[in-house]
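Working notes, structure below.
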There are 2 protein chains.
Amino acid sequence: MRIGELSRRTGVSVPTIKFYVREGLLPAGRLTSPNQAAYDETHVRRLRLIRALMDVGGLSVAAVREVITAVDDPERPVHALLGEAAERMVPRYGGEPAEGEEGDGEEDGGLVEARERVDALIREREWRCFPGSLAAEALAVALAALGAVGHERFAEVLDDYADAAERVARADLEYVGRHVVREELVESVAVGTVLGDALFAALRRLAQIDASDRLFGGKGEKGTEGEKEKE
Amino acid sequence: MRIGELSRRTGVSVPTIKFYVREGLLPAGRLTSPNQAAYDETHVRRLRLIRALMDVGGLSVAAVREVITAVDDPERPVHALLGEAAERMVPRYGGEPAEGEEGDGEEDGGLVEARERVDALIREREWRCFPGSLAAEALAVALAALGAVGHERFAEVLDDYADAAERVARADLEYVGRHVVREELVESVAVGTVLGDALFAALRRLAQIDASDRLFGGKGEKGTEGEKEKE
DNA sequence: GCTATCTGATAGTGCCACTATCTATGATGG
DNA sequence: CCATCATAGATAGTGGCACTATCAGATAGC
């Protein structure tokens, strides 16, 4: 198929497809003549992956490129890939939130303390991961941020969160073991990690709405009344 | 305190503080003379809230403004805030993933089907929430995206995810009931929802790394044996 | 008085994800 | 054969966003 059909089938505009090729997210089409190229199902699939990661997972072009590079590299040992894939896609909150750069001694945002707490958690649960990994740091940053806004005691529910996280991780791996063939393993982990975050966040919100309605709302009727869709 | 000290104490630059005031995220200081204003602890706290929501939660300025508007409104019932804060915080690109706009009849991205599945889930679990809420729609979009990239069977683990979500929501509400006084309720829910997402995502990644190491890795390094849970 | 700091305003910056436009070439069809 | 259309590839531009720079004029505190 030519680029026009690829565009139609994926809902991505032609210039945007060219942009993705330039950015290294999508392999170029196979040239059949100096100004004609053929695209196939792999391009359709890849394009859908890109859009899913960006639209639903909220990843940037650069992040998508990293994920895709890992997905495309056939050399990497599976387990390294899994760890890496999971590591690399800490969405946006992953970078350097520049939380303690003022360094005036007055505050470090409680990051040091939070890191200790994270290390302790990992030790307690005997999780096999580097304590200094990006995910561990992201966790510490989130904990420190909670402390900074006056919710340091939120850490008390950390264990409940960790239980839930273990359950989700177990479900993920079970799914992978059940349905995924070896060549698709890495992509599945990438997809599952990114889209799974969005999935879980949405579920959590629904469950929260339900729980808070039962606790605080629940003026007899069902459902949050009003609930104006948008503005 | 004057703006310089506020800046020092929070690590936010003076121009940025002024920017937040202009944007309606932060109340202006109390003017003590035509060109001097005094700031207090509430400004420090608010500024930290803003940075936490943006840096850790990944919210945009506009999203932070909406959350803060809700936080500042003393009339707002808690569960209405949940509907608001919880649903407004799809990262930066989040709003309308524009997933089915091609509408050429060929594909709708499976959104319709996904919505049905979501409605069924809500019914089964007897969750008290409006089935057309943004959270429900976000869930449907995530499910549809999974289907579009060839992982429609991922929906099989939806129940495990939902169990975990319920557990987290229960922990959230428990925390709120234990530690939060009425005036801070709304802010706590906002903070907990946004930062809780980041917290859980990080925990999930750690748990995944652990689980995948147990399943696929451990080639002679630390903790060799497989110890696979099932199957 | 002198200097550092402040308010409030306007304009500018840098990044990012596209999007527009152009040339030259080849495909398609009557 | 020739008109019309789609295409590759390249360069430049757009719009949104989160700041950031600069300025004038006023004040604080020594």
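Every chain is numbered from 1 and lettered A, B, ... according to where its sequence line falls, protein lines coming before strand lines.
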Rounded distance in Å - [atom1] ([X]) to [atom2] ([N]):
X: B:Ile3; N: C:dA9; atom1: CD1; atom2: C1'; answer: 14 Å
X: A:Leu26; N: D:dG9; atom1: CG; atom2: P; answer: 13 Å
X: B:Glu5; N: C:dA4; atom1: CD; atom2: C1'; answer: 16 Å
X: B:Met1; N: C:dT5; atom1: CE; atom2: C1'; answer: 16 Å
X: B:Glu23; N: C:dG8; atom1: CD; atom2: C1'; answer: 15 Å
X: A:Asp55; N: C:dA17; atom1: CG; atom2: P; answer: 12 Å
X: B:Ile17; N: D:dC19; atom1: CD1; atom2: P; answer: 12 Å
X: A:Leu31; N: D:dA8; atom1: CG; atom2: P; answer: 8 Å

Hey, does [Y] have a side-chain heavy atom less than 4.5 Å from the side chain of [X]?
X: A:Phe19; Y: A:Leu25; value: no
X: B:Asp172; Y: A:Arg204; value: yes
X: B:Leu121; Y: A:Leu206; value: no
X: B:Pro27; Y: B:Val21; value: no

| What orientation do A:Tyr39 and A:His43 show, parallel under 30°, tilted 30 to 60°, or perpendicular over 60°? | perpendicular

| field | Heavy-atom protein contacts under 4.0 Å, nucleotides 18-23 of chain C, coded B base, S sugar-phosphate only, - none | value | BB----

| message | Counting primed atoms plus P, OP1 and OP2 as sugar-phosphate and everything else as base, spell out the protein contacts along nucleotides 25-30 of chain D at 4.0 Å heavy-atom distance: B, S or - for each nucleotide, 5' to 3'. | response | BBSS--

| Is A:Arg30 paired with A:Asp40 through a side-chain N to carboxylate O contact shorter than 4.0 Å? | no

| message | One thing to verify: whether A:Arg46 and A:Glu41 come together as a salt bridge, which I'm taking to mean a side-chain N less than 4.0 angstrom from a carboxylate O. | response | no

| task | Apply side-chain hydrogen bond (donor to acceptor under 3.5 Å, both in side chains) to B:Ser188 and list each qualifying residue two or more places apart in sequence or on a separate chain. | result | A:His151

| So, A:Phe154 versus A:Tyr161, ring centres under 6.0 angstrom or not? | yes

| Presence of A:Tyr39 side-chain N/O under 4.0 Å of D:dT7 phosphate oxygens OP1/OP2 | no

